[in-house]
Amino acid sequence: MSEPILTVEDLKVTFDTRQGRKWPWSPMKKVHAVNGVSLSLERGRTLGVVGESGCGKSTLIRAIAGLVTPTGGTVTLEGRAVDYGSRADVLALRHKVQMIFQDPVASLNPRMTVREIVSEPTRRFRGDLDPEAQDKLVHDLLDRVGIAQRNFNRYPHEFSGGQCQRIGIARALAVNPKILLCDEPVSALDVSIQAQVVNLLRELQAEMGLSLIFVAHDLGVVRHISDDILVMYMGGMMEKGESDALVRTPRHPYTQALLSSVPVPDPNVIVEPQVLEGDLPSPLNLPEGCLFQSRCPKRQDACKATKPALLAAGGREVACHFAE
Amino acid sequence: MSLLSVQDLAIRFSTGDGTVHAVNNVSFDIAPGEKVALVGESGSGKSQIALSIMGLLAKNAQVSGRILHEGRDLLTLSQDALNKVRAKKIAMIFQDPMSALNPYMRVGRQLTEIVELHEGLGRADARKRAIEAMEAVQIPDAKNRIDAYPHEFSGGMRQRIVIAMALICKPGLILADEPTTALDVTVQAQIMRLLDEIQSELNTAVLLITHDLGVVAGFCDRSMVLYGGRMMETAPTKDLFAAPSHPYTRGLLRAVPNINDAAGELRAIPGSPPNQLRPLTHCPFAARCVDAVEQCRSTLPELTGEATKRACLRPVEALS
Ligand SMILES: Nc1ncnc2c1ncn2[C@@H]1O[C@H](COP(=O)(O)OP(=O)(O)OP(=O)(O)O)[C@@H](O)[C@H]1O
Ligand SMILES: [Mg+2]
């Protein structure tokens with residue numbers, strides 16, 4: 001194993017919210033969106049992050065990208081801790097870490113042509129190239145993601161969702177980043193188009209040696225693209241491990257329930273979902289002990305009393321007192 | 001005998017950009033108690049077909065064809081007669097449960113209103129029926145929660161209430177338009193299981209609209225595949241997955257990632273969806289089809305076959 005390009009240690013993100021307050025003058029409540037996540041990303045590899053809506057997976061990568069400010073923990077990029085308060089650090093981060101967003105159309109400036117959209121970061125971050133080389137780069141990138149030259153002067157609304165996502169990828173690659181953080185990049189796309197974009201990302205990754213964090217709620221897609229998978233629930237880490245092994249033998253009860261619920265596109269496979277009773281806890285009022293206790297089929301007293309530590313064994317990390 | 005027979009249905013919309021040809025002469029039947037999937041990509045016309053059955057199309061829509069239900073053409077019924085069919089005989093479930101619920105009204109009242117109106121039940125009987133319906137969709141403590149407002153329920157619970165509303169008059173047909181797309185997989189699994197249980201108990205026919213082939217595989221007896229507003233293939237679900245006949249169906253199945261089989265590359269369908277501003281004169285999939293020949297770009301094939309029907313000049317089995 002090589003030295004990780006990115007490590008995240010005990011990352012926390014808390015938001016203040018007016019929700020759930022009794023009176024307007026009551027103190028703000030805190031939502032714990034990310035609750036102590038640690039991970040490491042190795043060069044050229046892909047880490048998938050899965051979990052149900054609101055589990056904090058998008059906030060996690062937005063915090064890494066510096067789009068929201070972490071309230072705790074450390075992010076280390078190529079061996080150096082990132083100071084999110086420092087402009088220079090954030091600028092350096094943008095140079096190395098780029099994001100791809102869920103809504104491909106909305107993430108592009110509607111008043112800029114496709115050429116302008118990709119030129120902007122090129123000019124800003126690729127001062128090392130002369131203008132001619134910059135133009136060539138823009139041209140090559142758009143060409144590489146499959147946008148025809150005759151379309152370079154058109155505006156985002158003239159493209160389909162899949163094409164907009166390609167343009168977003170070209171824009172992200174313009175700064176020659178080392179890491180791509182992908183936030184549900186194919187969720188808004190149709191299956192046939194989704195496969196085009198997933199394949200494009202994998203090809204680009206191989207060509208450019210990119211490292212990816214790929215957030216999605218579709219476990220099939222995540223399994224397909226990821227070397228490792230991190231499972232989150234209510235902002236916390238439940239389980240992490242190598243993709244194939246994790247899908248084959250999930251050890252955390254939440255991972256087990258999640259995987260048993262994934263519909264399989266094969267009528268000969270009988271899916272027996274493990275039904276979860278109980279309700280999700282309120283993110284404003286997380287329980288002591290295990291975050292999953294209210295819905296866990298294996299819950300015992302210990303789960304209420306103490307929060308299970310993330311224990312590593314055999315390449316797997318699991319946060320459960322009663323892991324299999 | 002079919003419960004619903006859609007014949008030559010065409011739906012067009014007049015817009016500032018021109019006429020959108022959303023649904024192009026589609027025909028299909030649904031038998032009593034049958035579970036049928038309508039799959040297809042975004043914009044392929046799935047929702048508009050369901051809305052036309054319910055008489056809920058937008059004002060700029062023009063419809064032609066016939067939609068026969070128990071022998072009557074729903075497209076020619078008066079608003080009054082149609083209202084009677086809706087809810088009592090055909091009910092619809094939408095993707096977003098909040099679009100079907102009134103946020104300011106207690107859920108119990110929303111349920112009782114329907115049976116008071118359609119079945120003439122008195123207050124007390126209606127309330128009893130509402131509690132039964134909530135219990136049928138497995139809402140715990142229904143007796144007490146009947147007086148809660150929609151926002152007091154989670155997303156999955158709200159969708160259960162919407163299902164209760166759809167079922168309360170025991171309709172013969174339910175049109176479910178992406179009923180679980182907005183829900184998490186664990187909740188989706190619960191809702192699909194619930195639909196399955198209720199369906200087999202009441203023997204209700206279900207038209208399930210979805211783009212998720214996993215959900216289709218687990219639930220439907222028969223599947224219909226739509227592309228560019230045109231029916232490409234219809235077949236028993238097992239056959240469709242085992243041996244797709246239309247090249248588009250084959251492409252779609254190859255593009256779906258399967259959690260149990262991560263080997264190899266996803267096989268994408270190159271190209272992008274068709275432009276619906278032009279009337280269909282040839283197969284809408286021809287531009288993206290690897291097997292297309294000249295004739296595919298000049299003729300519009302009809303849906304033909306027995307158990308498996310496909311609209312294709314060069315079906316998969318004929319080439320292999
Ligand atoms: N009121 C309207 N005016 C103009 N075009 C419309 C109108 N309503 C729908 N359409 C068009 O009709 C076509 C079919 O739409 P429909 O909603 O049936 O798609 P769908 O298959 O349900 O897609 P999705 O999976 O995104 O829900 C689309 O091209 C859509 O843009
Ligand atoms: Mg729709």
Side-chain angles (χ1 to χ4, degrees), chain A residues 50-55 146 159-163 186 188-200 202-203 216-226 233 243-244 247-248 254 257-280 295, chain B residues 39-44 138 140 154-157 180 182-190 192-193 210-221 223 227 236-242 248 251-273 288:
Chain A
V50 299
E52 301 188 272
S53 65
C55 74
F159 292 92
S160 68
Q163 288 173 316
V186 296
L189 307 176
D190 282 319
V191 256
S192 72
I193 309 293
Q194 168 181 301
Q196 293 176 3
V197 173
V198 167
N199 289 341
L200 174 67
R202 291 181 74 164
E203 288 161 24
H217 67 271
D218 182 332
L219 281 126
V221 175
V222 171
R223 162 119 204 250
H224 212 88
I225 197 167
S226 308
Y233 183 80
S243 294
D244 287 339
V247 169
R248 233 179 300 119
Y254 175 64
L258 193 66
L259 286 167
S260 79
S261 304
V262 177
V264 177
D266 180 350
N268 297 314
V269 175
I270 314 266
V271 178
E272 287 287 353
Q274 191 184 322
V275 174
L276 292 175
E277 314 281 343
D279 275 323
L280 282 129
R295 295 168 79 200
Chain B
V39 298
E41 304 189 50
S42 185
S44 59
Q138 293 155 19
S154 66
M157 286 290 170
T180 56
L183 305 173
D184 289 322
V185 273
T186 55
V187 184
Q188 163 169 289
Q190 293 169 13
M192 289 315 296
R193 170 176 283 195
T210 180
H211 61 265
D212 187 332
L213 289 158
V215 173
V216 172
F219 185 80
C220 295
D221 312 321
S223 304
Y227 185 82
T237 302
K238 280 216 160 95
D239 300 346
L240 186 103
F241 280 78
Y248 172 63
L252 201 58
L253 288 168
R254 284 180 177 167
V256 187
N258 183 339
I259 182 97
N260 293 331
D261 174 21
E265 184 182 30
L266 295 177
R267 286 196 269 171
I269 306 177
S272 30
R288 296 173 75 185

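Per chain, numbering begins at 1; letters A, B, ... match sequence-line order.
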Between A:Glu52 and B:Thr186, is there a side-chain donor-acceptor contact under 3.5 Å, judged purely by atom types and distance?
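Their side chains do contain a donor-acceptor pair, which is all the 3.5 Å distance test asks for.
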
Are B:Ser272 and A:Gln163 linked by a side-chain donor-acceptor pair shorter than 3.5 Å?
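B:Ser272 vs A:Gln163: no donor-acceptor pair found between side chains.
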
Which heavy atom in A:Pro267 sits nearest to a heavy atom in B:Thr237, and how many Å separate them?
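Looking at all heavy atoms of both residues, the shortest contact is CG-O, 4.0 Å.
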
Minimum side-chain heavy-atom gap A:Pro273-B:Gln188 below 4.5 Å
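A side-chain contact under 4.5 Å is absent here.
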
Would you check, one step at a time, whether the test side chain to side chain contact (heavy atoms under 4.5 Å, CB included) holds for B:Gln190 with A:Ser261?
CA-CA 9 Å; B:Gln190 293 169 13; A:Ser261 304; over 6 Å; no

Let me know if [X] has heavy atoms under 4.5 Å from chain B in its side chain, its backbone, both or neither.
X: A:Arg248; result: neither
X: A:Val191; result: both
X: A:Val247; result: side chain

With a 4.5 angstrom heavy-atom cut-off, which part of [X] approaches chain A: side chain, backbone, both or neither?
X: B:Glu41; value: both
X: B:Arg254; value: neither
X: B:Val185; value: both

Between A:Pro265, A:Gly220, A:Ala195, which residue shows the highest count of heavy-atom pairs closer than 4.5 Å to chain B?
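Greatest number of close heavy-atom pairs with chain B: A:Pro265.
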
Results of side chain to side chain donor-acceptor pair (under 3.5 Å) for A:Gln194 - residues two or more places apart only:
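By the side chain to side chain donor-acceptor pair (under 3.5 Å) rule, A:Gln194 matches no residue at all.
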
